[in-house]
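Notes for the one structure printed next.
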Amino acid sequence: MASVTLLHLLQLLLLVAAASAWSRNNRYTYRYRYFGGSLTFTPKRRNSDGTYEVELRNKQTTYFCHANSYSCSLGHCGSQTSSSSAIIARNSYGLNWCQYGVVTNRKLSGNLPFEIRYPTYRNLYYGYGYWVSNIRSSMASWYMTAHVDLGIRSDTGQSNRSPITTMLPLLRVPRNCPRSFNMTMFDPDGDSVRCRIPTRAYECGLCGLIAAFSLDQNSCSLKYTYSNQNGYHPIELVVEDFPNKHITLSYSDGYYTSKRPLSVRRQKRRVLPPTTAAPTTTTSAPTTTTSAPTTTTTAPTTTTAAPTTTTTAPATTTAAPTTTTAAPTTTTAAPTTTTTAPTTTTTALTTTTAVPTTTTRYRASIAPLSKLPLQFTIYVDHHNAPSCLDGDYFPIFLSPTPNNGENLPAFVNQTLEIKVRSKAQNSVIHDLIVTGPKGISKHRISTGEYLIKWTPTENELNDHFPICFVSEARFNYVYQSELRCVTADVGHHETVVTCNETTMTVEVEKSYLIQRNEDNLHLNDFRDPSCNLTTRSNTTHLVAVMSLGSCGTLVEEDEDNIVFKNEITSADPNEIISRQHDVEIAFSCVYPKQTNLTLGFTHKNPYAFTERGFGAFTFQFEFFESQRFRKQVDSSTYPVEVYLKQMMFMQIEATTSIPNTELFVESCRATPYDNPNSRISYTIIEHGCVRDNTVQIYSSSKSQFRFGIQAFEFIGAHEEVYITCSVILCETGVPGTRCSQGCIRSNSGNNRGKREAVAQTSRHSISQGPLHLVKTSDSQVSGLSLNLGLNIIFIVGCLLVVVAVIYRSRRSRAKYQPLPTSDTD
C-alpha cells in the first residue's frame with residue numbers, strides 16, 4: 001500500500017512540475033513577444049535659436065501592451081522634449097495582441113541626418129525584443145532602424161519629410177486562398193516610394209520572405225499564394241523614398257548632399273565633383289590649392305583616415321612652399337599635417353580633388369531620402385476556405401467606404417467621420433479592425449456598418465495620418481476583407497463666404513491640398529479671363545469673386561429657396577470627364593423665394609418593340625447594387641446616387657418569345673442630359689469595343705449584357721449622368737449578323753450594313769438615369785462627414801443666406817489599382 005501511495009505521489013509531483021513548466025514556457029513565449037512595428041517622422045519647426053524640432057511616431061504590437069524604446073545609433077539625435085503613448089488597436093477573433101503607439105518630440109541642434117534603432121533591451125524570459133514564436137523561429141530577435149534626414153530640399157525649400165505609412169499588425173488568410181495586401185505609401189513631398197526586403201544588419205531579425213509570399217517593390221504590394229504551414233508568418237520591410245529628379249539637401253552646418261531618382265545608379269551620387277577619376281592631375285598646379293594639395297595625389301578615398309598616403313609625392317609641395325597659406329614649413333617635412341586643411345578633407349573624401357572650394361560642402365549619405373521600418377505578421381489559418389471569391393466568405397466593402405489610397409481632408413478640432421460598410425454572402429460581419437493616429441475610435445452602427453472617428457488637434461496641423469482597416473467576418477472560421485488604407489490631411493477650416501444682391505465672394509485658407517494643386521484650380525467656367533483665381537488671391541488665401549450669373553454659376557431651387565452654386569476644383573478642364581481630383585470647394589448662396597417648384601426624375605420602364613420575324617420584344621436597362629446582379633436599384637430612389645470612382649453595375653436584358661436569340665450591345669455613351677444626341681458626351685462602348693479602361697464585363701446569359709464602370713462626373717456645370725446604349729437582337733448562330741461580328745475596331749462600314757431579313761433586329765436606343773454624384777454636402781449619411789457646420793456668413797441687406805463650403809479630396813498619385821468590388825448587394 002505504501003508503495004502505491006508513493007507512486008501516486010510521484011505521479012502528482014510530475015503533473016505539477018509539468019504544469020509549472022508549461023506555465024513558465026507560456027510566459028516565456030508570449031508575454032511581450034512582438035508582432036510588428038512601424039515608424040514615421042515629421043519635421044515640426046525651426047526655432048529662432050537655430051534648433052530644430054522633429055516628431056517621431058512609432059507603433060509596436062506585442063501580446064501585452066508595451067513599446068520598446070530606441071537608441072541613437074548614428075549622428076546627433078538631440079534631446080527628448082515630450083512623449084505620449086496610447087493603445088491604438090487590439091485583438092482579432094481568437095488571437096490576442098495589442099498595438100501601442102508612442103509619439104516622441106525631440107529638439108535637435110541642427111538638421112543633420114541621424115539614425116535610431118530599436119530595441120534597446122531584450123529579455124528572453126518575458127519576450128522583450130523577440131518575435132512571436134513563428135514558423136521560422138521560436139527565438140528570433142527583431143530589429144528596426146530608421147534614417148531621419150531633415151535637410152532643406154532644393155525643390156521645395158522645406159525640410160525633407162518621410163513617407164507616411166502604417167499597417168495593421170496582424171492579418172489573417174486561409175491557407176488555400178491567394179490574397180494581395182496593397183500597402184498605401186503617401187509621400188508629402190511627392191517622392192517615389194518603394195518597399196524592399198531588408199538584408200542589412202539591424203534592419204531585420206529574420207530577414208527575407210518565405211516562398212509563400214512575394215513583394216512588388218514599386219507598388220508595395222505583398223502577395224500570398226499558399227503555405228502548408230499554418231501559424232504566424234512575420235513580414236519585415238524597409239520603406240524608402242527617392243526624389244523624382246535630382247535635388248540637393250542643405251544642412252545647418254553649411255554642408256549639403258545630393259539625391260537622385262531611384263533609376264540612377266547609386267555610384268553616380270559620388271560624381272558631383274567631376275575630377276575624382278584623375279586625382280594626380282592636381283599635382284601639376286599646386287599653387288591653385290590653398291591648403292595641402294598632397295592630400296589627393298593617389299588615394300583620395302583614404303586621405304582623412306590615413307593621411308600618410310600623401311608621402312608618395314612630398315616633393316610637389318616644396319616647389320612653392322609659400323603657396324601653402326596654412327603652414328608652409330610643416331607640409332614639406334611632415335605631409336601628414338595636411339589634415340589641418342580647414343575644409344578640404346573633412347567629408348566626402350572622393351570629391352576633394354578638383355574643386356576644393358565646393359567639395360568641402362558635400363556630405364556623403366545613403367541613396368534614399370529616408371529609410372523607415374514596416375513590420376507586421378500574417379497569420380495563416382489551418383482551414384481551407386470553401387470559396388476564395390471576394391463576397392462569398394471574404395467581406396467586400398460597399399459604398400460609401402473610401403477607396404484604398406484616398407486622401408481625406410480633416411480639420412483641427414473637428415471630428416473626421418469615415419463610414420465603412422461591408423458584406424459577405426455566406427459569413428457574418430463580426431468586427432472592423434482599425435489602426436491610425438492616437439485617439440482614433442470605431443463605432444458599430446449595425447451589422448457590417450461602422451463609423452471611424454478621429455478629431456485632430458492643433459499640434460497635428462499640416463500633418464498627414466494613415467488610417468488602415470479590414471472587415472472581419474465569421475462562419476465557423478475567420479475571413480478578412482482586403483486591406484484598405486486612407487490618409488487624413490489635417491488643415492484649418494477657415495473659409496469666409498460673402499453673398500450680396502449681385503456677387504458671391506469666397507476666401508479659403510491655402511491648405512496643403514490647395515497649395516499642391518494651386519496651378520490647376522479653376523471655377524466652373526475656366527475660359528472667362530475675369531474668372532481667373534490668381535487675380536485676387538494672395539500667399540495665404542485663395543480668393544474668388546464672381547457675379548451671380550457668371551463663371552459657370554448654376555441656379556437651382558428647392559421648396560423655399562433659389563440656390564446659386566459654383567465650385568473651385570482641380571479637375572483637368574481639357575478633359576470631358578473626371579474620376580479623381582484633389583480639390584473641390586463647393587460654395588453656394590441661398591436666397592428665399594415666394595413660390596415652390598420641384599424637380600423630379602422618373603425611372604424608365606422597359607422599352608417595347610415589334611419587328612417582323614421577332615414579334616414583340618422588350619429591352620430592360622437597370623442599375624444593380626453589386627457585381628452579383630442579384631438586387632437592382634429601387635426605382636423609387638432615382639436619381640441613383642453614386643460616389644466618385646464607385647463601381648456602377650448595369651444590366652441590359654432582352655425578353656422575347658422567339659427562342660435562340662442573343663443580345664448585342666453595339667455602343668454606350670454617357671451624357672449630362674437625357675438627350676443621347678447631346679454635344680457633350682463620353683464614349684463607353686463603340687462598335688462593340690470597350691473604350692473606357694475601367695469597364696468590367698461580367699458573365700451572363702445570351703439575352704443579357706452585364707457591365708460595370710467607375711463613376712465619373714462631367715467637368716463643368718453638370719451634376720447628372722445618363723447612360724444611353726444602342727442594342728440589337730439577333731438569331732443565335734447565324735453568320736453575318738452584327739452579333740456574330742462582335743468588336744469591330746476599324747470603322748470599315750461592315751457594322752452599319754443592311755441587316756439580314758429576319759436574322760437581326762434594327763438598332764434600338766435605350767437609356768437609363770440619371771446618376772447623381774454625391775458630394776459631401778448632399779447627404780447626411782455620406783462616408784466622409786466632416787461636420788463642418790456653418791461657415792462664417794455675411795448677411796448683406798435683408799437677404800437670408802445659408803452657405804455650406806466643403807472639401808473633397810482624392811489621391812493624386814496613382815499608386816494603387818481601382819478595385820471592381822466597391823459595392824455589393
Side-chain angles (χ1 to χ4, degrees), residues 38-59 70 72-84 101-116 145-166 185-193 239-244 247-259 363 365-366 368-374 407 410 412 437-438 456-466 487-492 510-513 515-516:
S38 64
L39 183 136
T40 60
F41 68 85
T42 301
K44 300 302 290 186
R45 64 187 60 85
R46 181 182 182 183
N47 301 315
S48 57
D49 60 358
T51 59
Y52 289 78
E53 294 183 31
V54 64
E55 184 175 89
L56 308 176
R57 297 196 289 266
N58 169 237
K59 292 178 183 176
Y70 61 87
C72 186
S73 59
L74 179 68
H76 300 285
C77 302
S79 59
Q80 181 174 304
T81 57
S82 65
S83 179
S84 61
V102 180
V103 179
T104 303
N105 290 84
R106 302 192 69 86
K107 179 178 284 189
L108 312 169
S109 59
N111 64 346
L112 280 65
F114 65 90
E115 289 189 357
I116 59 174
T145 298
H147 181 88
V148 181
D149 195 329
L150 304 179
I152 304 300
R153 299 170 59 110
S154 60
D155 56 344
T156 66
Q158 304 293 324
S159 294
N160 179 58
R161 303 173 69 126
S162 75
I164 304 299
T165 184
T166 192
M185 303 294 164
F186 172 71
D187 192 282
D189 295 323
D191 298 318
S192 298
V193 181
V239 179
E240 299 172 327
D241 57 333
F242 296 83
N244 296 311
I247 66 169
T248 59
L249 299 181
S250 302
Y251 301 107
S252 53
D253 63 353
Y255 287 78
Y256 74 96
T257 194
S258 179
K259 301 290 183 180
R363 168 175 282 107
S365 181
I366 64 173
L369 291 155
S370 315
K371 184 172 69 174
L372 306 174
L374 181 62
N407 283 60
V412 172
K438 177 183 175 183
T457 65
E458 191 71 32
N459 183 62
E460 290 153 339
L461 178 65
N462 297 324
D463 280 353
H464 312 270
F465 297 87
T487 302
D489 304 312
V490 181
H492 269 139
K510 289 186 177 179
S511 64
Y512 166 79
L513 287 174
Q515 291 175 349
R516 190 175 69 178

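Values below: all heavy atoms of this structure, side chains included; hydrogens, waters and symmetry mates excluded.
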Are the side chains of [X] and [Y] in touch, meaning some heavy atoms are under 4.5 Å apart?
X: Arg153; Y: Leu369; value: yes
X: Tyr70; Y: Leu39; value: no
X: Leu372; Y: Pro163; value: yes
X: Met185; Y: Leu374; value: yes
X: Tyr52; Y: Ser252; value: yes

Next on the checklist: To the closest 0.5 Å, what do you measure between OG (Ser82) and CG (Asn459)?
Outcome noted: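 Between atom OG of Ser82 and atom CG of Asn459 there are 7.5 Å.
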
Item to check | CD1-OG1 distance between Ile164 and Thr487, expressed to the nearest 0.5 angstrom | outcome: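 Answer rounded to 0.5 Å: 8.0 Å.
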
Checklist entry - Just by distance, with hydrogens left out, do Asp489 and Asn407 show a side-chain donor and acceptor under 3.5 Å apart? => result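 Checked: Asp489/Asn407 side chains pair up, N/O donor to acceptor below 3.5 Å.
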
Checklist entry - Will you find, in the side chains of Thr51 and Asp49, an N or O donor that is under 3.5 Å from an N or O acceptor? => result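 Yes - a donor-acceptor pair under 3.5 Å links their side chains.
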
Checklist entry - Do you know which of Thr40, Asp241, Asp187 makes side chain to side chain donor-acceptor pair (under 3.5 Å) with Ser370? => result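 That would be Asp241; it is the only one of Thr40, Asp241, Asp187 passing the side chain to side chain donor-acceptor pair (under 3.5 Å) with Ser370.
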
Flag, side chain of [X] to backbone of [Y], donor-acceptor distance under 3.5 Å:
X: Ser162; Y: Phe41; value: yes
X: Asn58; Y: Val102; value: no
X: Asn105; Y: Glu53; value: no

Atom of [X], atom of [Y] and distance for their closest heavy-atom approach:
X: Asn111; Y: Ser250; answer: ND2-O, 3.4 Å
X: Pro456; Y: Ala410; answer: CG-CB, 3.9 Å
X: Arg106; Y: Cys77; answer: NE-O, 2.7 Å
X: Tyr251; Y: Leu112; answer: CD2-CA, 4.0 Å
X: Asn244; Y: Ser192; answer: OD1-OG, 2.6 Å
X: His464; Y: Asn462; answer: NE2-O, 3.9 Å

Checklist entry - Does the pair Thr145 and Glu115 meet the rule for a side-chain contact (heavy atoms from CB on, under 4.5 Å), with working shown? => result CA-CA 7 Å; Thr145 298; Glu115 289 189 357; 3.9 Å; yes

Checklist entry - Stepwise, does the side-chain contact (heavy atoms from CB on, under 4.5 Å) test hold for Ser159 with Ile152? => result CA-CA 4 Å; Ser159 294; Ile152 304 300; 3.6 Å; yes

Checklist entry - Salt bridge check: are Lys259 and Asp191 linked by an N-O gap of less than 4.0 Å? => result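 Answer for the salt bridge query: no.
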
Next on the checklist: Assess the residue pair Leu108 and His76 against the criterion (side-chain contact (heavy atoms from CB on, under 4.5 Å)); give the C-alpha distance rounded to whole Å, side-chain angles, the decisive distance to 0.1 Å, and a yes or no.
Outcome noted: CA-CA 8 Å; Leu108 312 169; His76 300 285; over 6 Å; no

Checklist entry - Run the side-chain contact (heavy atoms from CB on, under 4.5 Å) check on Ile366 and Glu240 step by step: do they pass? => result CA-CA 11 Å; Ile366 64 173; Glu240 299 172 327; over 6 Å; no

Checklist entry - Looking at Leu249, Thr248, Ile247, which one forms a side chain to side chain contact (heavy atoms under 4.5 Å, CB included) with Thr257? => result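 Testing Thr257 for a side chain to side chain contact (heavy atoms under 4.5 Å, CB included) against Leu249, Thr248, Ile247 leaves exactly one candidate, Leu249.
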
Next on the checklist: Going by the rule side-chain contact (heavy atoms from CB on, under 4.5 Å), which residues pair with Thr42 if we only count those two or more places apart in sequence or in a different chain?
Outcome noted: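 With neighbours one apart ignored, the set is Lys44, Arg57, Arg161, Asp463.
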
